[in-house]
Each structure stands twice: as structure tokens, then as C-alpha cells.
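Remarks on the structure that follows.
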Amino acid sequence: MPLLPFLTAMLVGVLPVPASPRTAPTFNGSVYAIAHRGDTVYVGGAFTAATDGGRTYQRSRLAAFDARTGRLLDWAPSADGTVRALAATPESVYAAGDFHEVDGEDRDALARLHPSSGAVGSFSHDLSGTAYSLAAGNDRLYLGGSFTAVDGERRRNLAAFDLRTGRLDPRWRPVTDDTVHTLATAGSKLYLGGGFHVVNGVKGTLRLAAVNGVSGAVDPVFRPRVPAEVRAVAIDTSGVQVATAGVGGRAISYAHTGALRWQRVFDGDAAAIATGGGITYVGGHFDAICRTERNGVKGGCVDGSTPRFKLAALTATGTLTGWAPRANGVIGVRVLTVHRGTVAAGGDFTMIDGRDRRRFAAF
């Protein structure tokens, strides 16, 4: 594997999207999840209020705004606990997290919401554990997390629901031995990342694997070797990109066979990753990207570094671009999406380049 992407601090003159944030609401608590449906952006998290145009509005862990204008919409279902994941389909918006009620309706960690009115749908299940991730595809809604059962049926950290009926899929039953933090669909495949060691008892599925979205069988080809816990996954035509934690975070790109394409090391966890236009965007807790793969005991870069405060962008070969908005805070960025040429970032930051961008920014 060529090491050129890792052995250079050269910055290319690519600015994938503007580095200055667009108009968008801000929030008084952490943002964990972002989903898109047409020109509507849905946001979930731990917040209880959103600010737009100088005015503050009650928004209990769920909100939506118009991507064209950046203005807050009236969509305002109320959850009584943190929303950790969102998935949007043409008919619905699904939420998962730590809540037990949405708009006064009993909903244990999972809810289906009308995309325009926010009305709570009939989708209702009992989860024994914690929900962390959602993804839609293959006529199913996939759930990942740390749980042992759904509706009393044994499910180990993964489950699927029929998008038409809302029922738990009785046949899709892959299992992991530990937490699933992230899910991403690509055609008939579902990619999952987390802290697990094995999927379906199959060797070579440590922390990152692909399963069939219909049968649940482990993909026989995709066998990456991931050095640390996977926090986020993004798929594009070139391969599978992941953000990892560990002693110094990493952004790693694998071919669809699982072969390593490139990796870049940061001085803190990489918690979010998204791709668009041939560019990979990374978010996390870091303040710099290392010039080589070497870092110290506490994650610091050994051979020099380039400043990147919680956000960075890499080319298709892993080369650092000149895109460098500066987010603040300790936790920094928790989630990234790319949709219609716009990069959206959510997390715990309060400023971007010294300007008020509490917990959410769009570029």
C-alpha cells in the first residue's frame, strides 16, 4: 500500500464546500443525529430549545429546518430523552434514542414521525437495551445498538423492521458480541461498525463488517482489519470510509473487498465521517492531523502535524485539503452528513471560526 498520503503535509488547493457556515438554527444542547428528506433537515439530540433569527423556540430533542433558507420549521415533536439516531424515508422520519415518550405517546427508544406534521405514528416496540444507530434500505429499517431483545424476541445488538408494516423482521437475525455504533446501507449490503469482536461467529469481522440486508448473512469478501473501535461509516463508489476512536483517532478508507486504501491519524478521536463529491469529511475531538501514522501514548502526533480543529476534509487518496473551519469545545463534532452539496455538522461545539454556531453548522 503506498504511503504517500501519510508522509506528506502538503495541502492541496481544493475547497470542497465553502468554509464559512450558512444560515441555520442553533441549539442549547448536544446534537447527535441529522437526517435529510428533500429540502428538509431533521435534527435530533439532547437540546430543549432552538434559536433562529434571534428568537428562541422550544424544541424538545427534535427539530427541523429548511435547507434552502436555513429557517426553523414548525415540525416539533417532543421526546423525553436524548435522540441518538434519525433516518428519513419518503413517508416517515424514524427516531431512536434514550426516550420513553414522544408527544405523550409511549415509545420505548423507537418512534415513527410524520415528516410534515410531526405526528407520532403507530410504530411501537419494546427494546431491552440502548439504541445508537438507524439506517433504511431494502424495504427495512435497521437498528443498531447495545441490546438483547426487541418485543421479547432475542436480538443481539441488531434488528430490522418492515418499512410497510412496522413489524419486527422475524428472519433477519445477525448477531454481534458487543455494541454496534453505526450503520450504513449500500444496495443489498448493510455495513456495521462498533466495538464488537465478531458477527454471526464469523472470523475477520472485528469492529467492521458487512451483512446481507435481506438474509443477514456476513459478506464473504469484505474483511477489513480495523485497529480501533469504529464510530461512523460512510460508503461511496470508491469504498468504505470509517472514523475510529482509540489512542488518536483515524479516518480509514477500505476498498469494497476490505483492502486498505489509505488512513490518516488525528490527535483525538474521529467520531463522524461523510463523503460527497469525491471528498471525505471527518469530524471529532481532534485539534490536529498527524503528518505520519505515528502518534504517542496519549495520541499526540510524533512526526509533526497540521492544525484541524474538530473538522477536516480529505481527497479520494487521503490527502488533506485546504478546508479548515475551526470548531471549538472538547467533544467537538459528533455527526456529519453530506446532502445536495451541503455539509452539515452537529455536536457540542458552540463556535465556528469564532462565530456563534451552537451545536450545529451547515457549509
Side-chain angles (χ1 to χ4, degrees), residues 20-37 40-88 93-105 107 109 111 113 115 117-118 120 130-134 231-232 269 271-272 283-285 309-311 325-337 339 342-363:
S20 297
R22 301 182 181 186
T23 299
T26 59
F27 299 89
N28 72 339
S30 302
V31 169
Y32 285 82
I34 302 169
H36 303 265
R37 178 180 174 272
T40 302
V41 182
Y42 300 92
V43 181
F47 52 84
T48 57
T51 299
D52 174 39
R55 295 183 60 186
T56 298
Y57 304 84
Q58 182 176 342
R59 290 293 186 273
S60 296
R61 303 169 186 92
L62 288 161
F65 69 93
D66 188 317
R68 297 165 299 181
T69 65
R71 296 306 177 192
L72 195 68
L73 299 176
D74 292 336
W75 194 85
S78 175
D80 68 345
T82 300
V83 172
R84 296 187 178 275
L86 292 170
V93 175
Y94 293 88
D98 302 335
F99 53 84
H100 300 286
E101 288 187 359
V102 180
D103 276 354
E105 300 283 343
R107 291 294 183 272
L113 307 165
S117 69
V120 181
T130 304
Y132 287 122
S133 184
L134 292 171
R231 291 292 181 174
D269 288 357
H285 313 168
F309 293 91
K310 315 306 190 271
L311 289 163
R326 298 164 62 99
N328 70 338
V330 176
I331 299 299
V333 175
R334 293 182 181 271
V335 58
L336 285 172
T337 63
H339 182 72
T342 296
V343 176
D348 287 48
F349 55 87
T350 57
M351 293 188 293
I352 301 287
D353 294 331
R355 298 163 59 188
D356 180 15
R357 288 295 185 272
R358 284 166 289 156
R359 288 96 190 182
F360 185 90
F363 303 91

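For reference, positions follow the sequence shown, starting with 1.
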Side chains of [X] and [Y]: closer than 4.5 Å at any heavy-atom pair?
X    : Y    : answer
T23  : T69  : no
F349 : I331 : no
D52  : F65  : no
Y32  : L86  : no
R334 : V31  : no
R326 : L311 : no
I34  : V41  : yes
L62  : V43  : no

Which heavy-atom pair separates [X] from [Y] by the least distance, and what is that distance?
X    : Y    : answer
A327 : K310 : O-CG, 3.4 Å
P77  : G118 : CB-O, 3.6 Å
R231 : A271 : CB-O, 3.8 Å
F363 : A345 : CE1-CB, 4.5 Å
L72  : Y57  : CD2-CD1, 3.7 Å

Side-chain donor-acceptor contact under 3.5 Å, [X] with [Y]:
X    : Y    : result
D103 : S78  : no
T130 : D98  : no
R359 : S30  : no
N328 : T350 : yes
S60  : T48  : no

D356 atom CG, over 12 foreign heavy atoms within 6.0 Å: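 Counting other residues, nucleotides and ligands, CG of D356 exceeds 12 neighbours.
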Parallel, tilted or perpendicular, as decided by the 30° and 60° cut-offs, for the rings of F360 and F27: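 Perpendicular, since the angle between the ring planes exceeds 60°.
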Side-chain ion pair, R355 and D353, N-O less than 4.0 Å: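 No, R355 and D353 are not salt-bridged.
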Y42 side chain vs P115 backbone, donor-acceptor pair below 3.5 Å: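 Yes, the answer is positive, given that a donor and an acceptor are paired below the 3.5 Å cut-off.
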Test item: D80 side-chain N/O and H100 main-chain N/O as donor-acceptor pair under 3.5 Å: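 It does hold such a pair.
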I need the [X] [atom1] to [Y] [atom2] distance, nearest 0.5 Å.
X    : Y    : atom1 : atom2 : answer
W75  : R59  : CH2   : CZ    : 10.0 Å
M351 : R358 : CE    : CZ    : 11.5 Å
D66  : R68  : CG    : CZ    : 4.5 Å
T51  : N28  : OG1   : CG    : 7.5 Å

